[in-house]
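Note that the structure is predicted; figures quoted are calculated from it, not measured. Order of the sequence lines sets the chain letters (A, B, ...), proteins ahead of strands, with each chain counted from 1.
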Amino acid sequence: MDYRQQIAEAIHTELNEHFELNEINLLLEKPKHTEHGDIAFPTFQLAKLFRKNPAQIASELGDKITSPLISKTEIVGPYINFYLNKEAVSQAVINEVIVDKGNFGQLSIGNGGNVPIDMSSPNIAKPMSMGHLRSTVIGNALSNILKKVDYSPIRINHLGDWGTQFGKLITAYKKWGSEEAVKADPIKELLTLYVKFHDEAEDDSDLEDEGRAWFRQLEEGNEEAVAIWKWFREESLKEFEKVYNRLNIAFDSYNGEAFYNDKMTDVVALLEEHNLLTVDRGAHIVNLDKYDLNPALIKKSDGATLYMTRDLAAALYRHKNYDFSQSLYVVGQEQSNHFKQLKAVLKELEFDWADDIHHIPFGLITKDGKKLSTRKGKVVLLEEVLDEATAQALQQIEEKNPALPNKELVAEQVGVGAVVFHDLKNDRLNNFDFTIEEVVQFEGETGPYVQYTRARALSILRKAGIDTVSPSENHALSDDYSWEVIKLIHDYPNTVKRAYENFEPSIIAKHAIQLAQAFNKFYANVRVLDEHSEKEARLALVFAVTELLKEDLRILGVQAPDEM
RNA sequence: GUUUCGGUAGCUCAGCUGGAUAGAGCAUUCGCCUUCUAAGCGAACGGUCGGGGGUUCGAAUCCCUCCCGAAACGCCA
């Protein structure tokens, strides 16, 4: 049910000569204060039309508007405030969730269209940092949101698995590395080799040449070079998988930079066919003056291709392979310019689908106010953060619920959940300075708070001996605490829609927090298990809340332990 | 310098397409576990919504301007 729509219809029957139904719907608003009712109609916009003052219009119009859903109408100055029939609405809303469960809020916007999502994309031989976490969890949540509005998301891990750094790495490995050391702790060892290479190269310029030579060997398919590269890639991927498993995220494709190597010449040829390439200072570029952008670099002066070339190849490949209705790139906002260029070049190639490409930028994570940099050793390692969060969660369990079964598992779910939720709860464009204290919190507006709320709700159902609820005529509720919960449940489909339209997981996270807050107030003030005429309805509400909180968390990629 | 984001309570942030008295969380202080998990609930404290103009019946929200911060601005990705 959609009570807003029904109220709009009720008003429309009185104003149908002057306004369209959807115009009225847009005028309706949700009052900020409960003493202004559940839904309000301001009459300012009618003043000019009727040549009367808004307050007068409100008082004349107010009583004419009737609906079985309206229990009371109050005129406050220029506002007509409607109070809804709590019993009727709560019964309908609760039963809807009970029937739909996790599918509640499912919308049919996307018609099943494919949406490849470029996300996560760590660099081989480098550890995953908090920065990769953002792309990973935002991309994952967006995938879930897209699925929820009937798109078919395709999670693509566009690995950084190619480039001159592999020449350097091979050089360093052959000079100082060993198979055992790499196997023991691949990423750490490879990183050490990489850093050592840069240190040594400061006094020994031959090293750089050697690195370049090895990369050339790699490009030309030298057996030894390719074998080492493959091995590094596999070992790195194994390490990444550990993190992805902890985050409960799987990918549909790991086609990274290397995958597009043999597709670059076609891109260059295509650009040439369209006469888009010009040579400037020895480099091949596409001029983008008419888009007010600096030129896109396609080939370096030494003939090597670039990031842009590869992303063009990837865009073409994805279009051909997935026939996408949209193509998303969850990449930091510092690359906005690059994606503007990418779209501009595709437009120059006269591909109308260039408009279906969306860069989904996110804010920068800093440490002590400074940008993180792998080379300078200024990194916040994701695994360490997850470990710390899990350790603290376990300690919390030992303090608060030592009898809990599966403590380690729950600690992992809560600790990782805290980190993931923290990353998703604010506008994705916000920058933030990393501190472990801020990321790993269990109180207030946090993932664990939402998880805990659900666990307490489930506990009630367990005590009542209930594990599911069927729709019933007895699910009407009348108290104010449940009413606040009901309104938030009712808002859910609209919340999903907004999250999709803005590509913004935080909208889901905020809904989860609000729902948890409303439910905790209910929990503190309304006894569910006591004998009461509304006991069955209250249990049904508790059940609906557990379902919806679980769904909110699922979309965000956060686990929902039944007990904690 | 140009472009793009941002500036709301001590800190971190909400505030959806402009609407009725600007809201949370954290921190601080104080209440509430013989009753469904106190990772909770309640209360107090705390704001010239960066400054100044403008549009409007109405501006934290839209426009202009200035100040401050971050990022990006051709051979890295």
Side-chain angles (χ1 to χ4, degrees), chain A residues 26-27 29-33 35-36 40 42 44-45 47-48 53-54 76-79 81 121 123 158 160 162-165 257 280-285 292-302 304 306-308 310-311 331-338 340-341 361 363-364 366 369 371 393 396-397 399-401 404 414 418 425-427 429-433 435 437-438 441-446 448-453 455-464 494-495 498 501-502 504 506-507 510 513-514 516-517 520-530 538 542 563-564:
Chain A
L26 283 170
L27 288 174
E29 56 186 64
K30 189 165 59 179
K32 285 179 192 143
H33 305 275
E35 63 267 30
H36 292 145
F44 303 101
Q45 306 283 340
K48 280 176 213 138
N53 76 63
V76 182
Y79 288 90
N81 295 333
S121 312
N123 295 318
H158 190 79
W162 201 251
T164 48
Q165 72 268 27
E257 292 168 10
D280 190 278
R281 286 172 247 172
H284 289 67
I285 64 167
D292 240 350
L293 292 167
N294 41 7
L297 259 86
I298 304 299
K299 277 167 92 172
K300 297 204 276 191
S301 44
D302 68 1
L306 287 145
Y307 183 35
M308 179 59 69
R310 230 177 329 257
D311 260 4
V331 180
Q333 67 166 339
E334 65 273 16
Q335 291 187 43
S336 292
N337 196 51
H338 168 75
K340 280 184 196 158
Q341 291 181 320
L364 206 62
T366 54
K371 199 174 166 175
Q396 195 84 188
I397 291 168
E399 278 171 33
K400 310 204 177 219
N401 196 358
L404 182 74
V414 172
K425 78 170 175 180
N426 289 136
D427 192 313
L429 277 167
N430 290 357
N431 298 334
F432 77 88
D433 196 64
T435 56
E437 296 78 16
E438 195 199 306
Q441 277 189 5
F442 303 119
E443 291 170 20
E445 298 170 333
T446 66
Y449 171 83
V450 178
Q451 292 171 319
Y452 177 72
T453 304
R456 288 211 299 180
L458 272 178
S459 175
I460 294 178
L461 298 179
R462 211 178 303 121
K463 289 218 157 73
N494 187 41
T495 301
R498 278 176 47 221
E501 286 169 345
N502 296 294
E504 187 51 271
S506 70
I507 290 174
K510 275 164 197 139
I513 289 170
Q514 287 180 349
Q517 285 173 335
N520 280 325
K521 285 174 192 174
F522 166 85
Y523 183 96
N525 291 285
V526 178
R527 301 287 309 169
V528 177
L529 294 175
D530 291 356
R538 288 171 180 174
V542 173
E563 284 183 72
M564 62 186 273

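Across all strands, A:Val450 comes closer than 4.0 Å to no nucleic acid atom at all (heavy-atom distances). At a threshold of 4.0 angstrom between heavy atoms, the contacts of A:Ile397 include nucleobase atoms, whether or not backbone atoms are also involved. Base contact: A:Ala40 has a heavy atom under 4.0 Å from a base atom. At a threshold of 4.0 angstrom between heavy atoms, the contacts of A:Val414 include nucleobase atoms, whether or not backbone atoms are also involved. Among the heavy atoms of the strands, none lies under 4.0 Å from A:Leu461.
Look at A:Tyr307 and you won't find any side-chain N or O under 4.0 angstrom from OP1 or OP2 of B:rA77. OP1 and OP2 of B:rC41 both lie 4.0 Å or more from every side-chain N or O belonging to A:Lys521. The side chain of A:Tyr523 places no N or O atom within less than 4.0 Å of a non-bridging phosphate oxygen (OP1 or OP2) of B:rA39. Between B:rU37 and A:Arg462, no contact under 4.0 Å exists linking OP1 or OP2 to a side-chain N or O. A close approach under 4.0 Å does occur between a side-chain nitrogen or oxygen of A:Arg310 and OP1 or OP2 of B:rA77. Close to B:rU37, at under 4.0 Å from its OP1 or OP2, lies a side-chain N or O of A:Lys463. Between B:rC16 and A:Lys510, no contact under 4.0 Å exists linking OP1 or OP2 to a side-chain N or O.
The distance between atom CZ of A:Phe432 and atom P of B:rG25, rounded to the nearest whole Å, is 21 Å. Rounding to whole angstrom units, CD1 of residue A:Ile507 and C1' of B:rC13 are separated by 15 Å. We find that CD of A:Glu501 is positioned 10 Å from P of B:rU17, with the value rounded to whole Å. Following rounding to the nearest Å, A:Leu429 (CG) and B:rG7 (P) show an atom-to-atom distance of 11 Å. Rounded to an integer number of Å, the gap from CE of A:Met308 to P of B:rG74 is 13 Å. With rounding to whole Å, A:Tyr452 atom OH is found 6 Å from B:rA39 atom C1'. In this structure, the CG atom of A:Asp302 is 18 Å from the P atom of B:rG74, given to the nearest Å. For the pair A:Asn520 CG and B:rA24 P, the interatomic distance rounds to 15 Å; values are reported in whole Å.
Side-chain N/O atoms of A:Arg281 and base N/O atoms of B:rG74 include a donor-acceptor pair closer than 3.5 Å. For B:rG6, the base has no donor-acceptor partner in the side chain of A:Asn430 [N/O atoms by modelled type, under 3.5 angstrom].
When distances run from any side-chain atom of A:Ala283 to the nucleotides B:rA20, B:rC76, B:rG74, the shortest one goes to B:rG74. For A:Ser459, the listed nucleotide lying nearest its side chain is B:rU37; candidates were B:rA77, B:rU37, B:rG74. Of the candidate nucleotides B:rC76, B:rA20, B:rU37, B:rA20 has the atom lying nearest to any side-chain atom of A:Asn81. Here the nucleotide nearest the side chain of A:Leu306, chosen from B:rA77, B:rG25, B:rC36, is B:rA77. The side chain of A:Leu26 sits closest to B:rU17 out of B:rU17, B:rA20, B:rC76. Nearest nucleotide to the A:Asn426 side chain, out of B:rU12, B:rC13, B:rC75: B:rC13. Among the nucleotides B:rC57, B:rA39, B:rA20, the one closest to any side-chain atom of A:Lys400 is B:rA39.
Pair assignment for B:rA60: none, as no Watson-Crick or G-U wobble contacts are both less than 3.5 Å. Nucleotide B:rC73: paired with B:rG1 (Watson-Crick or G-U wobble, both distances less than 3.5 Å). In a base pair of the Watson-Crick type (N1 to N3 plus N6-O4 or O6-N4) or a G-U wobble (N1-O2 and O6-N3), with each distance short of 3.5 Å, B:rG47 is matched with no nucleotide. Summarising the base pairing, B:rC41 is matched to B:rG31 through a Watson-Crick or G-U wobble pair whose two defining distances lie under 3.5 Å. Under the Watson-Crick or G-U wobble criterion, with both distances below 3.5 Å, B:rA24 is paired with B:rU12. The partner of B:rG6 is B:rC68, judged by Watson-Crick or G-U wobble contacts that both fall below 3.5 Å.
Within the 4.5 Å cutoff, no side-chain heavy atoms of A:Thr495 are placed close to those of A:Lys510. Taking 4.5 Å as the limit, some side-chain heavy atom of A:His338 sits within range of a side-chain heavy atom of A:Met308. In this structure, A:Tyr452 and A:Lys400 have side chains that are not in contact, with every pair of non-hydrogen atoms separated by 4.5 Å or more. Two residues are said to be in side-chain contact when any heavy atoms from C-beta on lie closer than 4.5 Å; A:Asp427 and A:Glu504 meet this criterion. Contact of the A:Leu461 side chain with the A:Val542 side chain is registered, since non-hydrogen atoms from C-beta on lie closer than 4.5 Å. Using a 4.5 Å heavy-atom cutoff, the side chains of A:Asn431 and A:Gln333 are in contact. Annotation: side chain of A:Lys300 is in contact with side chain of A:Leu306 (closest heavy-atom distance under 4.5 Å). In this structure the side chain of A:Val528 never reaches within 4.5 angstrom of the side chain of A:Lys463, judged on heavy atoms.
B:rC62 and B:rC5: their P atoms are spaced 12 Å apart (whole Å). One P atom belongs to B:rG23, the other to B:rG46, and the distance between them is 15 Å to the nearest Å. As rounded to the nearest Å, B:rA27 and B:rA72 have C1' atoms that lie 36 Å from one another. Taking atom C1' on both B:rC33 and B:rG25, the two are 23 Å apart, rounded to the nearest angstrom. Distance noted for atom P between B:rU35 and B:rA39: 15 Å (whole Å). Rounded to a whole angstrom, the distance from the C1' atom of B:rG18 to that of B:rC57 is 12 Å. Comparing the P positions of B:rC11 and B:rG50 gives a spacing of 14 Å, expressed to the nearest Å. B:rC16 and B:rA59: their P atoms are spaced 16 Å apart (whole Å).
Distance check: A:Ile397 CD1 to A:Glu563 CD gives 11.0 Å after rounding to the nearest 0.5 Å.
A residue-by-residue look at A:Asn494 and A:Lys32 shows that A:Asn494 has its nearest nucleotide of RNA chain B further toward the 5' end. Of the residues near RNA chain B, A:Gln514 and A:Glu35, the one whose nearest nucleotide (by heavy atom distance) lies more toward the 5' end is A:Gln514.
Syn is the glycosidic conformation of B:rC33, whose angle stays within 90° of 0.
The closest side-chain donor-acceptor pair between A:Gln341 and A:Asn294 falls under 3.5 angstrom. In summary, the side chains of A:Asn426 and A:Ser506 do not present any donor paired with an acceptor at a separation below 3.5 Å, with no hydrogens or angles considered.
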Would you tabulate the pairs of protein nitrogen or oxygen atoms and nucleotide nitrogen or oxygen atoms of nucleotides 67-72 of chain B closer than 3.5 angstrom?
from   : atom 1 : to       : atom 2 : distance (Å)
B:rA72 : OP1    : A:Lys371 : NZ     : 3.1

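Contact between A:Leu27 and A:Gln45 at its shortest, heavy atoms only, is CD2-CG, 3.4 Å.
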